Amino acid sequence: MKKLILIDGNSIAYRAFFALPLLNNDKGVYTNAVYGFTTMLLKIIQEEKPTHMLVAFDAGKTTFRHKTYEEYKGGRQKTPPELSEQFPLIRELLDAFNIKRFELDNYEADDIIGTLSKEAEKEKWEVKVVSGDKDLLQLVSDYVTVVLTKKGITNVESYDEALIDEKYGIKPHQIIDMKGLMGDSSDNIPGVPGVGEKTALKLLKQFGTIENVLDSVDDVSGKKLKEKLSENKEQALMSKELATIFTEVPYNLTLDELKFGEYDEEKVVSLFKELEFKSLVDQFDTGVSAAEKELEELSFDVVEEVKEEHLATPAAMVVEVLDENYHQADIAGFALVHEKGRYFIPTETALRSDLFVEWAKDETKKKWLLDAKRGVVVLGWKDVLLDGVDFDLLMASYLLDPSHSSHDLSDIATRKGAKSIQADEAVYGKGAKRKVPETDVLAEHLVRKANVIYELKERMEEELKKNEQFELFKDLEMPLSVVLGRMETEGVKVDIDQLKAMGEDLASRLAELEKHIHEHAGVSFNINSPKQLGEVLFEKLGLPVIKKTKTGYSTSADVLEKLAEDHEIIRHILHYRQLGKLNSTYIEGLVKVTHKGTSKIHTRFNQALTQTGRLSSTDPNLQNIPIRLEEGRKIRKAFIPSEEGWKILAADYSQIELRVLAHIAQDEKLITAFKEDMDVHTKTAMDVFHVSEEDVTSMMRRSAKAVNFGIVYGISDYGLSQSLGITRKEAAKFIERYLASYPNVAEYMERIIEEARENGYVSTLLNRRRYLPELTSRNFNQRSFAERTAMNTPIQGTAADIIKKAMVEMALRLEEANLKSRLLLQVHDELIFEVPPEEVDEMMKIVPEVMENAVELAVPLKVDISAGDTWYDAK
DNA sequence: TACCCCACGC
DNA sequence: GACGTACGTGGGGTAC
């Protein structure tokens, strides 16, 4: 049975505002109406357990009723600003709860509610209307109940036909007749003077409707009343009209769209935190609430010896590893859920079973996992091949909405309205306390997880298909996770002795520098402490303070650069910082994670994290190995092929983002520039400064490059001003000139923002999505940020799509051609391979071919490639 | 342990 | 006008 709750947003907000004292949070934002609204909402959800919900708001000042009666709602007190400023927060709240809200010019919330309640009634849904306004009672029927606030906000009364009859002695449809007669001072509906509730009801009991009353005025008892009725005939009819809810509002919603149930708990909690609704935060915070929730009984078997019957497919599969870093990690246990049953399989039982191992590697046996790469890699380390992965809930969740910061199964389950399960953290503990629990606890938790995966697979795929993201999911990200898993498992070989030698060299130079700096300062202090450094520079040495941070003086590189002239010590400090970074992050950091026996580093690529679709790399991050300064670049000499005589081959896309921009914006000038393989920064300089190629100075090119950079990364005028060392105004002018030079780009920027506002999201070439709810934010910064994101994400995201596609195709090609070459790393626009000497020539041909033809754009894609003995030499 | 500052890559 | 402004990861310091 479907149950629809329709809430009169304005009415409830007003009630809440006046019922509660003016609360505000520490930022001075008033929150009492939001708070009241929230408690009301939660109560309704909890008590009514609706399947569908909608909150309607009044839009604007005038409605069609003003045409009938100019004075409609006249004389009303203006909404207090303390209340109006809370409406955007209420909208935000509803969005966080994934509750549809709706408002429409010319119509009141009542009319929207009326229309939808009639609609739902036709479908025989149960409808509850929530408001503080008695007018709504006219909607009551066999299917529709109206819940009116009594005192305060959570004190309510449900009206059905019987209660209306009991209270008023009339039918719901007569409510409008009652209003017509008695009027409504709050809406400035006149009614008939001298007629109040009592008289109105008496008349209606006798005559039924206003029309009948007026037609039979002669039969009305009381001389005065007769007179009043005759005199105010028109007014009474008009009043009835005004009180009548219009139930044919044109709306573009379907009832199905009002579905309620899946929402982002994180968003809700973070909004509650922002609003300082402490009690609600406690109630909602994931760990707590999930742990407290009663879990439904779920039966399962613990497998003692793997048999055929345990291995039906398709099967949801959990390969549990507690360590965040799954490389060479212990498996805590397995769970399988399929149509034949639910099973927990202890690690050893599974791994020593030939049946299980054969099943795992059988491509035709379909497996559904959460984080397939994790499962594949961890089993790979145990020499168990996992094939036939047919569904990855992690990837599905990420593609549907990358903005969720957690893809913990319990979070996904909550969001998607699946059976709730405990968060891993609640079962395993966190930090130092994290450990494998008792077997029965573990077994049940794993089975529950597999069960959720099993439950959600179809629905997630449906959603992906609806979004036209199924191909992206199935043909790109899923195969890519296998490719990435292989890259991670393969690892990159490092020359550990060379790293250590560089470290020793750095250490001694750092000691030298430290001595110099302390001498210059006249005091011994920790140079790595921004606090101590700030005190030395700005208090002891009295250097001018350029910038402050929240906690003290800023000592960032750009600040220090500005002080370089003022004191000799600054150069040394900058150098110290540079070498210190190299030593701690890159030398010590890399040595720490290099496997002793194999001298290899196994990073993990996070495929479900960035908002744009790029990958990220952790433990260690191999996507930020130094290159720009020679000193740091030398680190790359330590990255070597894993086999004697092999080469490192690096292939990078040239200006892929700007090529993508040229394509998306269909900008002829840019397209031509790329077709002619021009230097794009020089070309930009020519166009922006209106000079010929010969007249482009290095300064102009540098500026043009910075602007192009800004376009690609979506930086603001402020960001551009920082990178060019100019004022914000100048930077803004610069951007303006750029856009004037490339009108199609300017047009694209406008169009994409408009489109994003309409759709609520932007997409890439391969339909990757990013939702941008802040585009309608009342906060200038949030909105501007969302606008830049709207412009930038399709560019960066499409570039990510392209290289991902190239990776998947490259893996296929290597296999087909039976090549020994291996893909090792991806650095956003660059692929790193290790290649046996006899394959170098072939790879130098194949790699660019695959990369350049990954997709077809209006401009050619260009790949630069080179090979060398180390990563350093592949330049 | 959580946060800040700083710095590396794209 | 809006006062904070590409995306990531990681190391070191510091306050709790």
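Worth saying up front: this structure is predicted, and the values here are computed from it rather than measured.
One C1' atom belongs to B:dC10, the other to C:dG4, and the distance between them is 22 Å to the nearest Å. As rounded to the nearest Å, B:dC8 and C:dC3 have C1' atoms that lie 27 Å from one another. With both ends at atom C1', the span from C:dA2 to B:dA7 equals 30 Å, rounded to whole Å. Taking atom C1' on both C:dG1 and C:dT5, the two are 16 Å apart, rounded to the nearest angstrom.
In terms of polar N and O atoms assigned as donor or acceptor, the side chain of A:Arg614 comes within less than 3.5 Å of the base of B:dC10 in a complementary pairing.
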Contact string for nucleotides 9-16 of chain C, one letter per nucleotide 5' to 3', B = base within protein heavy-atom range under 4.0 Å, S = sugar-phosphate only, - = neither, reads SBSSSSS-
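Both stacking criteria are satisfied for A:Phe780 over the base of C:dA2: a centre-to-centre distance under 5.5 angstrom and an angle between ring planes under 30 degrees.
The side chain of A:Thr789 contributes no N or O atom lying less than 4.0 Å from OP1 or OP2 of C:dA6. Between A:Thr555 and B:dC5 there is no side-chain N or O to OP1 or OP2 distance below 4.0 Å.
Within 4.0 Å (heavy atoms only), A:Tyr718 reaches at least one base atom of the nucleic acid. Counting any heavy atom pair closer than 4.0 Å across all strands shown, A:Ala786 reaches no nucleic acid atom. Counting non-hydrogen atoms under 4.0 angstrom, A:Ile627 reaches the backbone sugars and phosphates but no base. The residue A:Ser784 sits apart from the nucleic acid: no heavy atom pair falls under 4.0 Å. If you check every strand for non-hydrogen atoms under 4.0 Å, A:Gln611 touches sugar and phosphate atoms only. Looking at heavy-atom distances under 4.0 Å, A:Gly431 makes contact with sugar-phosphate atoms alone, never a base.
Taking the six-membered ring for Trp and thresholds of 30 and 60 degrees, A:Trp871 and A:Phe639 have ring planes more than 60 degrees apart, a perpendicular arrangement. Ring geometry, A:His518 versus A:Phe525: the interplanar angle falls from 30° to 60°, so the pair is classed tilted.
A donor-acceptor contact shorter than 3.5 Å links the side chain of A:Arg374 to the backbone of A:Glu324. At distances below 3.5 Å, at least one donor-acceptor pair connects side-chain atoms of A:Arg737 with backbone N or O atoms of A:Val688. For A:Gln532 (side chain) and A:Ile527 (main-chain N/O), no donor-acceptor pair under 3.5 Å exists by modelled atom type.
A side-chain donor-acceptor contact under 3.5 Å links A:Ser556 and A:Asp558.
Distance from the side chain of A:Phe785 is smallest to C:dA6 among B:dC5, B:dC10, C:dA6.
The side chain to side chain contact (heavy atoms under 4.5 Å, CB included) search around A:Gln611 returns A:Pro402, A:Ser403, A:Arg770, not counting sequence neighbours.
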